[in-house]
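Take a look at the structure below.
So that the names make sense, note that chain A is the first sequence line, chain B the second, and so on, each numbered from 1.
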Amino acid sequence: GDSVTQMEGPVTLSEEAFLTINCTYTATGYPSLFWYVQYPGEGLQLLLKATKADDKGSNKGFEATYRKETTSFHLEKGSVQVSDSAVYFCALRGFQKLVFGTGTRLLVSP
Amino acid sequence: ETGVTQSPTHLIKTRGQQVTLRCSSQSGHNTVSWYQQALGQGPQFIFQYYREEENGRGNFPPRFSGLQFPNYSSELNVNALELDDSALYLCASSSKRENPQETQYFGPGTRLLVL
């Protein structure tokens, strides 16, 4: 069945450091791919998405490119801020549902 | 544009009781999906409602049931609560009119604690 694998956290960075959170997936066909972010005590917010191979999703300085060859959708940001501290979830659009990874916690210190 | 809202925000129940959680979909959205997020885990799909009918179900027992109303709002009902039902319950709305691969937008969740 469909599945998503994310790198385990926590990822600890200093402010202005470069961020990469790895995400790979297994699916039939070419599903839409998403990154959601969850701040403490809150629900999920859509961060970015890509609907087909080679698409690049971007938002708030975050980027991810849909790589069909490597079945990956890694999240990157050139310079993180303390306010980016949260849990990040990679997800794919399966049949009628989203399939999520286990999440990666990001901690950014000043 | 009104986002997805859920009520209540927090709830404490005892084992064996029943609970009803509510969700109002985002304006213009006709589909509601429910997810369970255990502590430290990613959300797991419970079921989806479209046109007031269940339109897909994850690996959850029948004691998890739902409804969708003509205004597209939805309820999640859980009977015979178990300790493992303690989790954050997330509602997501989307619009099948736009795209079968529609983007789902989430509410803030209801945190349920079963004692």
Measure from the side-chain N and O atoms of A:Gln96 to the backbone N and O of B:Asn55, and report whether any donor-acceptor pair falls under 3.5 Å.
yes
For side chain to side chain contact (heavy atoms under 4.5 Å, CB included), just list the numbers for A:Leu44 and B:Tyr35, CA-CA rounded to whole Å, side-chain angles, deciding distance to a tenth of an Å, and then say yes or no.
CA-CA 11 Å; A:Leu44 299 179; B:Tyr35 293 81; over 6 Å; no
Within a reach of under 6.0 Å around [atom1] of [X], are more than 12 heavy atoms found that belong to other residues, nucleotides or ligands?
{"X": "B:Asn59", "atom1": "CG", "answer": "no"}
{"X": "B:Arg15", "atom1": "CZ", "answer": "no"}
{"X": "B:Leu39", "atom1": "CG", "answer": "no"}
{"X": "A:Glu16", "atom1": "CD", "answer": "no"}
{"X": "A:Gln81", "atom1": "CD", "answer": "yes"}
{"X": "B:Gln44", "atom1": "CD", "answer": "no"}
{"X": "B:Arg57", "atom1": "CZ", "answer": "yes"}

If you tally heavy-atom pairs under 4.5 Å between each of A:Val99, A:Val87, A:Leu98 and chain B, the highest tally belongs to A:Leu98
With a 4.5 angstrom heavy-atom cut-off, is it the side chain or the backbone of [X] that approaches chain B, or both, or neither?
{"X": "A:Gln38", "answer": "side chain"}
{"X": "A:Glu42", "answer": "backbone"}
{"X": "A:Leu46", "answer": "side chain"}
{"X": "A:Phe95", "answer": "neither"}

Region of B:Gln104 in contact with chain A, defined by heavy-atom distances below 4.5 Å:
both
Given heavy-atom pairs under 4.5 angstrom as the criterion, report whether the side chain, backbone, both or neither of B:Gln37 touches chain A.
side chain
Between CG on residue B:Leu90 and CZ on residue A:Phe100, distance to nearest 0.5 Å:
8.0 Å
Quick one: of B:Gly40, B:Gly107, B:Gly58, B:Pro43, who has the most non-hydrogen atom pairs under 4.5 Å with chain A?
B:Pro43
Please find the pair of heavy atoms, one from B:Gly42 and one from A:Phe89, that lie closest to each other, and give the distance.
CA-CE2, 3.5 Å
According to a 4.5 Å side-chain heavy-atom criterion applied to Ile, Leu, Val, Met, Phe, Trp and Tyr, with indirect links allowed, do B:Val78 and B:Val32 form part of one hydrophobic cluster?
yes
